[in-house]
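First the structure, in the form of structure tokens, and then the observations on it.
Chain identifiers are assigned alphabetically (A, B, ...) following the order of the sequence lines, protein sequences preceding nucleic acid strands; residue numbering begins at 1 within each chain.
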Protein chains: 4
Amino acid sequence: MLAGAEELLEARGLGAVSVDAIALRAGVSKATIYRWWGSKEEIALEAFYLTLGGPAAIAADSGSLAGDMQAAILARVRLLSDRPSVARTMAGLVAQAQEDPEFAAAYRRRVVEPLREQARAAFGRAVERGEIRPGTNVEAAIDLLFGGIYHRVWQSQGRLDEQFARALVEIVMNGITVRPPSSAA
Amino acid sequence: MLAGAEELLEARGLGAVSVDAIALRAGVSKATIYRWWGSKEEIALEAFYLTLGGPAAIAADSGSLAGDMQAAILARVRLLSDRPSVARTMAGLVAQAQEDPEFAAAYRRRVVEPLREQARAAFGRAVERGEIRPGTNVEAAIDLLFGGIYHRVWQSQGRLDEQFARALVEIVMNGITVRPPSSAA
Amino acid sequence: MLAGAEELLEARGLGAVSVDAIALRAGVSKATIYRWWGSKEEIALEAFYLTLGGPAAIAADSGSLAGDMQAAILARVRLLSDRPSVARTMAGLVAQAQEDPEFAAAYRRRVVEPLREQARAAFGRAVERGEIRPGTNVEAAIDLLFGGIYHRVWQSQGRLDEQFARALVEIVMNGITVRPPSSAA
Amino acid sequence: MLAGAEELLEARGLGAVSVDAIALRAGVSKATIYRWWGSKEEIALEAFYLTLGGPAAIAADSGSLAGDMQAAILARVRLLSDRPSVARTMAGLVAQAQEDPEFAAAYRRRVVEPLREQARAAFGRAVERGEIRPGTNVEAAIDLLFGGIYHRVWQSQGRLDEQFARALVEIVMNGITVRPPSSAA
DNA sequence: CAGTAACCGAGACGGTACGTCCTGTCTTACC
DNA sequence: GGTAAGACAGGACGTACCGTCTCGGTTACTG
């Protein structure tokens, strides 16, 4: 049922898929669809959630913040570059989330928060290890990292590869500026 | 004409606006609209371009990369937080860009590139000044900064304010990690 | 159960009533309804039959054909004028009878024949009494009398009152033409 | 357009025909149908009106009321017996007229009044000729005659032929009772 | 008195049709 | 000669019923 929807989304994109088409494909009546979901976007959200593999696996602790981030960013980069339809569908979901607060909440719960949660955990470990400068805005760092990916895919439409992923992490870890002369050594 | 479209978009969002409605509002026939634009998204793109103030003003050189970035990021943050409909409409445009390559090109030309161009110029000056570590992936830095904003607005849906903007720039400039003891102390 | 259906029919008419609604109103499951009836029209027929008071009472012999007819016609006129929903429902039943021969047979058995039977009995008595001209088409007379009522209600939509009922009987009894001079005067 | 509707009605009956089907058959969009008609019943009414041959032809004056009535009744009897679908469709229209006063008015204007008008004219001529007893309820006579036909077709479901038509007219003209002894000759 | 069958409410389901809305094309009539 | 007005075919929308179909939870018979 969701499987059929997923294939349709993959083949034609959220914008070009109709509830009628999903019903037809799944051999299901439209009424049944509306009994369980409110719109094709909700179906797409659930299908996408399945694509993500359901409740997010707990990420392994690589021992360093850079390693944890690298793993998380690389996983997302690979998902988006290996399956272009995922990026396309997500853009539709994000647009829908701007129109409908209830949907936005569901989207955050299903898509955004699991990843942020993982990232927060990694940052928490990093704080304990003393890797991070005190006063760092962790939430901003997370938005930067993931936002960098989506901006690349959706807006710049540049190349999305491992090298790019590494560059994102490197910049967020160390910044881009030349290190000031060590305090007053 | 575009002004009317802009108001409609502001009031009801891309998804809820129809070509019929735009034609009615502008006192114009639908045929005339289709003579000039291919879809409501193209109209929205053009209207949004006007909102941005047409061809991007050349950003002043503040003398430091941090200053230039701060100015650019803050301007975008303010646009998005002062006029929520702009963020909403942009999400629709971005979604449409994933479905239609021709539209995607127009979107990049009108919306993405002007900003990147400014940013590239600022980074160029920074390189000349020696502010930036050699080998820095400038394109990734730009995606990070702007992507951070959009991710915050569209996905995390957290607070979008000056403090957040400063945090973005601070992280990209200096990184989040504790500076290793200056090697050659 | 049928009582609930009757009320619904009275309130909203055959066309606007659904099996779902009847089931809901009667606190009964749809499956149960379909176990006993084939369609909402059959329910309506049965409910209408109850409204008529079940198996038709045997009409009293008033002593004259005119009296018997007057009584029968007046009774039907009163039923239709006092309870407009009855006329409305009957029109629906009649329409359904044109679509479904099996239903038509049930309709005739329940609604039409009882009345015709009464009328035939009255006409039989009249023949014995010598009230009727030999060679009279009794069936046509019956169709005329009752048809006159329904045509008035359903098609002309004129006033349906005692005066009209009397006029019907008067015409069928005596005709409308000036009596020719009694041949053998 | 109406032609296609007519064929569908003829083949399947009002109850079994959908607006979708009419649109499909006529190669026309549903929106266009709803632009011009409010329901399938209105379409059927218009199609039926065409079947009747548009504005009723003015009936010839046969010289006697009996002749005029015979002609009118026979014409309607032949229409209904030659084309059974006409009777079926009319029953649907009549049922609909009981549910919707606006439709009822249209039905009367298109179907009922033209015939009554003809009949009234014939009765008017008969009055001038002195054929009719003073005080005769002409409207009741008309309801009787046409009602007799419809009752036969829709409810009794007996044979509808020329003989029946003649019997109707004969009864309405002369009544069914034995003539009383000429006043006091 | 337990075991079992018949029945029933509740309501999900695949379908069909509804009446509305919008798209993108087109014709007509005005200026 | 361009344009407003708007009709049109097409197609998706979300809703309402249809008639069929499982489900459980009673009753009421039976052994």
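Here the side chains of B:Gln98 and A:Met90 are not in contact, with every heavy-atom distance at 4.5 Å or above. Side-chain contact check for C:Leu79 versus C:Leu52: some heavy-atom pair is nearer than 4.5 Å. With a 4.5 Å cut-off on side-chain heavy atoms, C:Thr51 and C:Arg83 count as touching.
When heavy atoms are screened at a 4.0 angstrom cut-off, D:Trp36 is found touching the sugar-phosphate backbone but no base atom. Residue D:Ala31 is classed as a base contact, given a heavy-atom separation below 4.0 Å to a base.
Mapping A:Val28 and C:Ala26 onto DNA chain E via the closest heavy atom, the residue that lands nearer the 5' end is C:Ala26. Between B:Ala21 and D:Gly38, the residue anchored nearer the 5' end of DNA chain E, judged by the nucleotide with its closest heavy atom, is D:Gly38. Between C:Val17 and A:Val17, the residue anchored nearer the 5' end of DNA chain F, judged by the nucleotide with its closest heavy atom, is A:Val17.
Using cut-offs of 30° and 60° on the angle between ring planes, the pair B:Tyr150 and A:His151 is parallel.
The nearest whole Å value for the distance from the CG atom in B:Leu24 to the C1' atom in E:dC22 is 14 Å. Atoms OH (C:Tyr34) and P (F:dG19) sit 4 Å apart, rounded to a whole Å. Rounding to whole angstrom units, CG of residue A:Asp20 and P of F:dG10 are separated by 17 Å. Counting to the nearest Å, the C1' atom of E:dC22 and the CZ atom of B:Arg12 are 13 Å from each other. The distance from atom CG of B:Asp100 to atom C1' of E:dG24 is 15 Å, rounded to the nearest whole Å. A straight line from CD of C:Glu41 to C1' of F:dC17 spans 13 Å, rounded to a whole angstrom. The distance from atom CD1 of C:Ile33 to atom P of E:dC7 is 18 Å, rounded to the nearest whole Å. Residue C:Ile22 contributes atom CD1, which lies 17 Å from atom P of F:dA16 at whole-angstrom precision.
Not one side-chain nitrogen or oxygen of C:Arg35 sits closer than 4.0 Å to the OP1 or OP2 atom of E:dC7. For C:Thr32, a side-chain nitrogen or oxygen approaches OP1 or OP2 of E:dG9 to under 4.0 Å.
Remark: side-chain polar atoms of D:Trp154 are paired, donor with acceptor, to backbone N or O of D:Ala87 under 3.5 angstrom.
Looking at D:Ser18, its side chain has no donor and acceptor atom pair within 3.5 Å of the base of E:dA17. A donor-acceptor contact under 3.5 Å links the side chain of D:Lys30 to the base of E:dG19.
Comparing E:dA10, E:dG19, F:dC17 by their closest approach to the side chain of D:Val19 singles out E:dG19. Side chain of D:Lys40, nearest nucleotide from E:dC18, E:dG24, F:dC18: E:dC18.
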